[in-house]
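Worksheet: the structure to be examined is printed underneath.
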There are 2 protein chains.
Amino acid sequence: MSLRPWDPYEQDCPSRRLLDRIGDRWTVLIVVALDPGPQRFSALAARVGGISQKMLTQTLRSLERDGFVTRTLYPEIPPRVEYELTTLGRSLLGPLRALEEWAVENMSEVVVHQGEYQATH
Amino acid sequence: MSLRPWDPYEQDCPSRRLLDRIGDRWTVLIVVALDPGPQRFSALAARVGGISQKMLTQTLRSLERDGFVTRTLYPEIPPRVEYELTTLGRSLLGPLRALEEWAVENMSEVVVHQGEYQATH
DNA sequence: CAGGATCCTGTCAGATACTG
DNA sequence: CAGTATCTGACAGGATCCTG
């Protein structure tokens, strides 16, 4: 029973791999934070509020490894490091913005449902 | 420094709340699995390969709580339960399909980058 | 400044057994 | 069939201290 060449029901399909890759708390937020342009480590930490230094480093490393982000070290004193989206990384912004728009338009309704559910359970 | 009414840099914005809600391993996969129409518990378990019964139950409960899914119990013997996307749930399919298309088109490139990174580090 | 290393903790998530 | 309950290991992720 094969439906499409890459059906999300298959465990090893692109959709699953993407979810495994960006389906964590921080990756998406960092990609969006890099939208306006290159950012320094400390600037990113400030934009993505609530992230620990460790998680920021870790997530940036895997984003770099997967080709979403480039890391540029300027050997000055004190050292400066800038992170920037690659073409691949920027291409992901489109779908992410669609999700963002959905959130802005619909998340209030989710809260309403949560309240109703609370009332009846 | 307020940029837009709901900036993802803010910790309490719709985007963050959505990510907190669907940013786990299973939620998105279950929503997509419900795309074709109402599904029974066991059918869902089969489609979403690799999910444990516990996680399926848990994720369905929160999807129901948030108004993405309805749960209908048919008091037969043996009992039958069907899960179906609500209008809200179906509205999420659009943005998700955009992500799916991105994955199909670009995930192979991610794998290439992973290989290159491995080679240089 | 941008992290590396270490320790510590909660939560996620699987396995198993039981029930209406 | 479609769950619930309980136990358990694994790991995500925070706090803290240290360095080129």
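By convention in this document, chain letters (A, B, ...) are assigned in the order of the sequence lines, proteins followed by strands, and residues within each chain are numbered from 1.
Protein chain B touches strand DNA chain C; the 5'-most and 3'-most nucleotides with an atom under 4.0 angstrom of its non-hydrogen atoms are C:dA13 to C:dG20.
Put simply, CG on A:Leu29 is 12 Å from P on D:dG13, counting in whole angstrom units. In this structure, the CZ atom of B:Arg80 is 16 Å from the C1' atom of D:dG3, given to the nearest Å. Across the protein-nucleic acid pair, B:Leu56 atom CG and D:dC1 atom C1' stand 13 Å apart, rounded to whole Å. Atom-to-atom, CD of B:Gln58 to C1' of D:dA2 comes out at 15 Å; the value is rounded to the nearest Å. For the pair B:Gln53 CD and D:dA5 C1', the interatomic distance rounds to 11 Å; values are reported in whole Å. Atom pair B:Leu73:CG and D:dA2:P shows a separation of 10 Å (rounding to whole Å applied). For the pair B:Tyr74 OH and D:dG3 C1', the interatomic distance rounds to 18 Å; values are reported in whole Å. Atom CZ in A:Arg61 sits roughly 17 Å away from atom P in D:dA12 (whole-Å rounding).
Between B:Tyr83 and D:dC1, a side-chain N or O to OP1/OP2 separation shorter than 4.0 Å is absent. Distances shown here put every side-chain N or O of B:Arg71 at or beyond 4.0 Å from the OP1 or OP2 atom of D:dA2.
Counting non-hydrogen atoms of neighbouring residues, nucleotides and ligands closer than 6.0 angstrom, the CZ atom of B:Arg25 reaches no more than 12 such neighbours.
B:Arg90 approaches B:Leu85 most closely through the heavy-atom pair NH1-O, 3.0 Å. Looking at every heavy atom in both residues, B:Gly67 comes nearest to B:Thr86 through O-OG1, 2.6 Å. Taking both residues in full, the closest heavy atoms of B:Pro36 and B:Arg47 are given as CG-NH1, 4.1 Å, listed atom of the first, atom of the second, then distance. Closest of all the heavy-atom pairs between A:Leu99 and B:Pro95 is CD2-CB, 3.7 Å. The minimum heavy-atom distance between B:Ala103 and A:Pro14, with the atom names listed, is O-CB, 3.5 Å.
Toward the 5′ end of DNA chain D lies the nearest nucleotide of B:Arg40, the other residue of the pair B:Lys54 and B:Arg40 mapping further downstream.
By the 30° and 60° cut-offs, the orientation of the rings of A:Tyr83 relative to A:Phe41 is tilted.
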